[in-house]
Amino acid sequence: ILDNLQTNSYIRLPDDCEDVVGRFGSRLRLKLVERYPEEAKPLPIQGRFYQFDGTLEVTGQRLSFQETPNVPRGTGWNVWDGALLLAQYLQANPTTVRGLRVVELGAGCGVAGLAAAALGAQRVVLTDLPEVLPSLQANIDRNRQALSNASIECHLCDWFQPPQDLLARPWDVVLVADCVWMKYLVA
């Protein structure tokens, strides 16, 4: 069934089809990622469960995020539930990041990392693939005024060729939300 779908196609899978149906329901959205090798099979991805209107309030500061859903070449332009939940976790536990050096891997729109900056992280570096960096930088710039006391940067980090200078830095906290969704990334 999955091999014959087009990007943004919707299907109804049989109820006994794999564990994803039990976990996410039988209406699944399939996104094809052109950036990855031919042998990588696309995996079904469920849409967002949590409400998100493009803004997130963190310690009285309203952060704003631009996302571009349904981009056929990847997922870094979407705000995913994992990022929203990680940002909520950080708000409930601000000492996890306050005063510390934080790196977010596969930051996408930067929700979790910018929440860490709003919560008082000493330094935040948001990372992603080269094609996502302009959008990520735009979200940093969009929130500069609200986060004027924070040190925030974005950097390239391709997991297949990780930059050694980034890996060598002394990080106190590494944030990762909804990043490993294709089997070959962890195989």
Side-chain angles (χ1 to χ4, degrees), residues 7-8 29 31-36 45-91 94 96-98 100-163 165-167 169 171 173-182 185:
T7 302
N8 300 327
R29 179 174 55 193
K31 297 186 68 120
L32 301 176
V33 180
E34 296 170 359
R35 178 187 184 335
Y36 299 105
I45 301 173
Q46 176 67 31
R48 202 168 25 233
F49 285 107
Y50 299 95
Q51 291 290 342
F52 180 69
D53 65 359
T55 63
L56 182 68
E57 187 159 330
V58 182
T59 64
Q61 300 173 73
R62 183 163 297 284
L63 303 179
S64 173
F65 299 89
Q66 176 65 43
E67 68 174 332
T68 309
N70 300 319
V71 174
R73 61 187 188 272
T75 60
W77 295 270
N78 296 309
V79 173
W80 296 96
D81 285 339
L84 296 172
L85 292 173
L86 182 52
Q88 288 177 4
Y89 172 83
L90 294 175
Q91 287 183 75
T96 303
V97 294
R98 186 174 294 133
L100 300 175
R101 296 163 298 200
V102 177
V103 62
E104 183 179 7
L105 302 177
C109 293
V111 171
L114 291 177
L119 292 165
Q122 174 189 33
R123 180 175 188 209
V124 176
V125 173
L126 308 174
T127 70
D128 216 307
L129 295 168
E131 59 269 23
V132 178
L133 292 183
S135 175
L136 181 55
Q137 184 63 54
N139 280 332
I140 293 170
D141 294 343
R142 179 177 279 108
N143 292 289
R144 279 279 182 217
Q145 188 172 0
L147 303 172
S148 60
N149 294 328
S151 169
I152 309 166
E153 308 167 35
C154 75
H155 289 278
L156 167 69
C157 185
D158 183 329
W159 296 354
F160 293 110
Q161 299 173 358
D165 62 321
L166 186 69
L167 297 177
R169 295 182 192 177
W171 302 109
V173 178
V174 177
L175 300 175
V176 183
D178 274 357
C179 285
V180 181
W181 59 276
M182 293 193 76
L185 289 174

Atom CG in Asp141, atom CG in Leu136: separation rounded to 0.5 Å? 9.5 Å

Looking at side-chain heavy atoms only, is the closest gap between Asp165 and His155 below 4.5 Å? no

Closer than 3.5 angstrom, by distance alone: can the side chain of Asn139 be matched with the main-chain N or O of Gln66 as a donor-acceptor pair? yes

Nearest heavy-atom pair of Gly113 and Val124: which atoms, and what distance? O-CG1, 3.5 Å

Student check: side-chain heavy atoms of Asn78 and Cys109 closer than 4.5 Å: no

Where is the tightest heavy-atom contact between Val102 and Trp171, given as atom of each residue plus distance? O-CZ3, 3.6 Å

Scanning both residues in full, the closest heavy-atom pair of Ala118 with Thr59 reads O-OG1, 3.6 Å

Using 0.5 Å steps for rounding, measure from the CG atom of Leu126 to the CG atom of Leu105. 10.0 Å

Least distance between heavy atoms, Gln91 atom then Glu57 atom: OE1-O, 3.1 Å

So OG1 of Thr55 and CZ of Arg142: to nearest 0.5 Å the spacing works out to 12.0 Å

Report the distance from atom CD of Gln137 to atom CG of Asp128, rounding to the nearest 0.5 Å. 13.0 Å

Hey, could you give me the CG/CG distance between Leu90 and Leu114, rounded to the nearest 0.5 Å? 11.5 Å

Where Ala87 and Val111 come nearest, the two heavy atoms and their spacing: CB-CG1, 4.0 Å

Enumerate the salt bridge (charged side-chain N to carboxylate O under 4.0 Å, His left out) contacts for residues 102-114, please, sequence neighbours excluded, ordered by first and then second residue. none

Identify the heavy atoms of Ala116 and Leu175 that sit nearest to each other, and give their distance. CB-CD1, 4.2 Å

With the side chain counted from C-beta on, respond yes when Trp77 and Glu131 share a heavy-atom pair under 4.5 Å apart, and no when they do not. yes

Once side chain to side chain contact (heavy atoms under 4.5 Å, CB included) is applied, do any residues pair with Ser148, and if so which ones, sequence neighbours excluded? none

Mind checking whether Ile140 and Cys154 have side chains closer than 4.5 Å, heavy atoms only? yes

If you measure from CD on Gln61 to CG on Leu63, what distance do you get to the nearest 0.5 Å? 6.5 Å

